[in-house]
Amino acid sequence: MSFLSICTTETIKSAALALKNRHLVAFPTETVYGLGADAEDAHAVARIYEVKGRPADHPLIVHIASLDAMGQWAQDISEYAITLARDFWPGPMTLVLKRSDLAKDFITGGQETVGLRVPAHPIALALIKEFSAVGGKGVAAPSANRFGAVSPTTAKAVEEELAPYLLESDLILNGGPSLIGLESTIIDCTGPAPMILRLGAITPLMIEESTGLVALESNPNATRVSGSLDSHYSPKAKVLLDVIAESGDGLIAPDQIPTPNGVIRLSAPSSIEQYARELYLALRKADQLGLGVVVVVQPGGEGLAAAIRDRLGRSAFVE
Ligand code: TXA
Ligand code: MG
């Protein structure tokens with residue numbers, strides 16, 4: 001059976017009802033596809049963890065329709081957090097705030113903070129709004145991939161990855177490919193200044209220009225230390241960074257880099273935006289082709305390029 005559903009006003013309405021009836025709905029956002037559940041419903045949220053195969057102490061982002069819903073899920077919100085929300089929502093940014101009573105342990109992984117995001121995708125926003133219309137307050141959604149795997153940027157990728165774990169009443173809304181292709185920037189707003197927990201399309205410079213505060217960055221190598229590095233953003237193929245590709249390898253590299261003989265070119269982006277948009281699809285393609293090795297030539301520069309290098313560093317093979 002297929003879980004894929006094209007998006008009309010009617011399907012979005014029935015998807016909102018499905019959420020209210022404790023089912024899972026995967027939906028497009030501008031970053032990557034999310035696997036959604038009613039953020040107030042412990043049973044539905046537990047199913048997200050089951051389907052993803054994700055450890056239960058990892059917190060989930062609650063997706064809301066507008067900044068006005070921030071106060072339902074969070075409290076003691078700092079002025080700079082509101083400034084960020086005004087400047088970049090809807091958009092590829094998640095704010096970590098002190099939780100309200102509404103954000104239960106099953107959402108926050110037992111932490112006193114909650115992650116909130118207003119996605120900039122018409123289908124995601126329509127779904128969240130329809131969900132509010134039937135009494136919902138927020139849609140909990142991690143990226144719609146199995147734990148440790150590459151985030152999906154198309155509905156087809158969600159289906160290929162999660163169909164074996166979904167139930168008949170679950171849905172996947174098809175909204176075409178995600179325009180950004182990389183997960184949201186996560187900013188911890190509980191301290192005196194913004195602290196970036198995950199790099200993304202909202203860059204440190206944009207955060208500083210918006211708030212007038214210097215954005216700190218949490219140690220990007222933290223996962224390396226905890227030893228979980230090799231299990232994140234990883235395809236089955238071995239990812240090798242900035243080496244010469246050999247015959248039979250896959251290659252992801254900026255378009256000015258030629259493809260050596262016998263190498264399978266997976267992506268040749270001509271801009272940093274295209275690099276981000278195609279990266280996960282190219283890594284998936286490597287697995288579909290059954291490649292053993294994918295060589296990735298990393299992009300230079302700051303901003304989105306730094307976010308790409310952050311993901312690649314985690315997906316790369318370490319001995
Ligand atoms: O772009 C995105 O953020 C996508 C789309 C679907 O919105 N979602 C996404 O969710 O990437 P996920 O669960 O795959 O990654 C969210 C990350 C996790 O690493 C989680 O630990 C972190 O956000 N996170 C969520 N709530 C947090 C909190 N309260 N404190 C610290 N980290 C949090
Ligand atoms: Mg994820």
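Atoms within each ligand, like the ligands themselves, are counted from 1 in listed order.
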Task: Nearest-neighbour protein heavy atom for atom 15 (O) of ligand 1, which is reported as residue plus atom name and distance - done: R198 NH1, 3.2 Å

Open item on the list: Closer than 4.0 Å to some heavy atom of S184 - which atoms of ligand 1 meet that?
Closed with: 1 (O), 2 (C), 3 (O)

- [ ] Quick one: closest heavy-atom pair of V32 and S178, and the distance?
- [x] CA-OG, 3.6 Å

Open item on the list: Tell me the contacting part of R54 for ligand 1: side chain, backbone, both, or neither, using a 4.0 Å heavy-atom threshold, strictly below.
Closed with: side chain

Open item on the list: Atom CG of residue position L216 - does it have more than 12 heavy atoms of other residues, nucleotides or ligands inside 6.0 Å?
Closed with: yes

- [ ] Please could you name the atoms of ligand 1 that S143 approaches to less than 4.0 Å, counting only its heavy atoms?
- [x] 8 (N), 9 (C), 10 (O), 12 (P), 14 (O)

Open item on the list: For A201 versus L304, what's the shortest heavy-atom pair and its separation?
Closed with: CA-CD1, 3.9 Å

Open item on the list: How far is atom 31 (C) of ligand 1 from the closest protein heavy atom, and which atom is that?
Closed with: L197 CD1, 3.9 Å

TODO: May I ask you to identify, for H58, whether its side chain, its backbone, both or neither come under 4.0 Å of ligand 1 on a heavy-atom basis?
DONE: neither

Open item on the list: Please list the nearest protein heavy atom to atom 4 (C) of ligand 1 with its residue and the distance rounded to 0.1 Å.
Closed with: V32 CG2, 3.8 Å

TODO: Pull out every atom of ligand 1 sitting under 4.0 Å from any heavy atom of H63, numbered as shown with elements.
DONE: 5 (C), 6 (C), 7 (O)

Task: Q111 touching ligand 1 at heavy-atom level, < 4.0 angstrom - done: yes

Open item on the list: For atom 28 (C) of ligand 1, which of the options V118, L116, L182, T113 provides the nearest non-hydrogen atom?
Closed with: T113

Task: Close approach of T108 to ligand 1, heavy atoms, under 4.0 angstrom - done: no

Task: Residue, atom name and distance, where the atom is the protein heavy atom closest to atom 6 (C) of ligand 1 - done: G34 CA, 3.6 Å

TODO: Give a yes or no on whether E208 atom CD has more than 12 heavy-atom contacts from other residues, nucleotides or ligands under 6.0 Å away.
DONE: yes

Task: Option whose closest heavy atom lies nearest to atom 25 (C) of ligand 1, chosen from A26, P59, G115 - done: P59

TODO: Using a 4.0 Å heavy-atom cut-off, say whether T31 meets ligand 1 through its side chain, its backbone, both or neither.
DONE: side chain

Open item on the list: Rounded to the nearest 0.5 Å, what separates atom CD1 in I180 from atom NE2 in H121?
Closed with: 10.5 Å

Task: S151 near the Mg ion (ligand 2): N/O/S under 2.8 Å - done: no

TODO: State, without any angle test, whether T8 and T11 hold a side-chain donor-acceptor pair at a distance under 3.5 Å.
DONE: yes

- [ ] For residues I207 and Y80, determine if any side-chain heavy atom of one lies less than 4.5 Å from a side-chain heavy atom of the other.
- [x] no

- [ ] Check each atom of ligand 1 against the heavy atoms of E183 and keep those under 4.0 Å away; list them by number with element.
- [x] 1 (O), 11 (O)

- [ ] Pick one of side chain, backbone, both or neither for how V114 approaches ligand 1, counting any non-hydrogen atom pair under 4.0 Å.
- [x] backbone

Task: Contact check, side chains of L167 and H23, non-hydrogen atoms, under 4.5 Å - done: no

Open item on the list: Is it the case that the side chains of R198 and T94 hold a donor-acceptor pair, with the cut-off being a distance below 3.5 Å and no angle test?
Closed with: no

Task: Cluster link V239 to I252, ILVMFWY, side chain under 4.5 Å - done: yes

Open item on the list: With a 4.0 Å cut-off on N to O distance, would you call E278 and R265 a salt bridge?
Closed with: no

Task: Sub-4.0 Å atoms of ligand 1 with respect to non-hydrogen atoms of I186 - done: 17 (C), 22 (C), 23 (O)

